[in-house]
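This report refers to the structure that appears directly beneath it.
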2 protein chains.
Amino acid sequence: MTAVTGYAPGEVAQRTGLSLDTLRYYEREGLVGPVGRSAGGQRRYDEDDVAWIGIVTCLRDAGLGIADLRRFTELLRAEAGADDRVAFLRRRRTELLDQVERIRAAIDVLDGKIAHYATEP
Amino acid sequence: MTAVTGYAPGEVAQRTGLSLDTLRYYEREGLVGPVGRSAGGQRRYDEDDVAWIGIVTCLRDAGLGIADLRRFTELLRAEAGADDRVAFLRRRRTELLDQVERIRAAIDVLDGKIAHYATEP
DNA sequence: CTGCAACCTGGAGCGCGCTCCAGGTCAAGC
DNA sequence: GCTTGACCTGGAGCGCGCTCCAGGTTGCAG
């Protein structure tokens, strides 16, 4: 009689753009969940799970590795150690800013070549 | 009587920050060279080689893949096809800008978490 | 009750970008 | 000439981040 609650794996895959395999992989690696299960043992994701997967995906897309994201997940779960937590977050932030700088440098290189070939065919 | 000209592999490794193995790997993959050889078959890099390796390294650091860089190298060598060339360069440029956007989004996520934990320990 | 799609697990496989190794050659100083 | 260190080649190995597969279970629709 209880309404079936949460999202089935296929639904989550569709909403997040991840594959079922990746969703399971992230869970194994501790980036997500543990996700709730139905009586029969099938996964049911709740709103929080889906929102968290969105955050993880965003950080993955920016280039953070699985190990970083595991640590991120663990730190945000832990009660204590807010200092560690903030220090970790700031370090990642700095790394991302550095990466933006590297990309800017590369764009400058490309612009140089584009200018060269666009004006002198 | 001819002075020994160019740079030995070890020297180039030091100047570029790449390993000897990576230098050879890039050459095999067509990202660099072919590099000149001494009478005895050992590599001698000239200024242009070193400069080009710098460009390749810059683009690698920004996240371009080996296949992209091979294509980049081939296109800049080819005489014809300036249109292809510029189109290719612009495409990579756009991809890099997209990546900057993804990183910005990730930084926003981190900032949100930092703000949260910095104010509420 | 049956059928079928969606799901489960454990484990193998893959593409990328190096990195390491064995077994040899080259080159410069003594 | 000999030693020593830098270099050569071909090929195997590795860490990462998935992706695929076999063989089986679940669960909804008709």
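Keep in mind that what you see is a predicted model, and the values were worked out from it rather than measured. Just so it is clear: chains get the letters A, B, ... in the order the sequence lines come, proteins before strands, and each one is counted from 1.
- Other residues, nucleotides and ligands place more than 12 heavy atoms under 6.0 Å from the CD atom of A/E11.
- The pair A/R92-A/E95 meets the salt-bridge criterion, since a charged nitrogen lies less than 4.0 angstrom from a carboxylate oxygen.
- Per the geometry, CG belonging to A/L23 stands 16 Å off P belonging to C/dA6, to the nearest Å.
- Taking atom CZ of A/R44 as the reference point, atom P of C/dC7 lies 9 Å away to the nearest angstrom.
- By the 4.5 Å heavy-atom criterion applied to side chains, B/L18 and B/V12 are not counted as neighbours.
- On the nucleic acid side, DNA chain D contacts chain B at distances under 4.0 Å to non-hydrogen atoms, with the end points of that region at D/dC7 to D/dT9.
- A/T73 has its side chain out of reach of A/V32: every pair of non-hydrogen atoms, C-beta onward, lies at least 4.5 Å apart.
- Distance alone, capped at 3.5 Å, is enough to place a donor-acceptor pair between the B/Q99 side chain and the A/D61 backbone.
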What does nucleotides 25-30 of chain C look like as a protein-contact string, B for base, S for sugar-phosphate only, - for none, at under 4.0 angstrom between heavy atoms?
-SS---
Can you pull every protein N or O that's under 3.5 Å from an N or O on nucleotides 1-4 of chain C?
none

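- The shortest distance between side-chain heavy atoms of B/R93 and A/D111 falls below 4.5 Å.
- Within the 4.5 Å cutoff, side-chain heavy atoms of B/E27 are placed close to those of B/Y45.
- Between A/L75 and B/Y117, the closest side-chain pair of non-hydrogen atoms is not below 4.5 Å.
- If B/R24 and B/G65 are placed on DNA chain C by their nearest nucleotide, the residue sitting closer to the 5' end is B/G65.
- Judged by closest nucleotide on DNA chain C, B/A67 is the one of B/A67 and B/D21 placed further toward the 5' end.
- Residues B/V56 and B/L31 come closest through the heavy atom pair CG2-O, 3.7 Å.
- Ion pair B/R24/B/D21 flagged as a salt bridge, since at least one NZ, NE, NH1 or NH2 atom sits closer than 4.0 Å to an Asp/Glu carboxylate oxygen.
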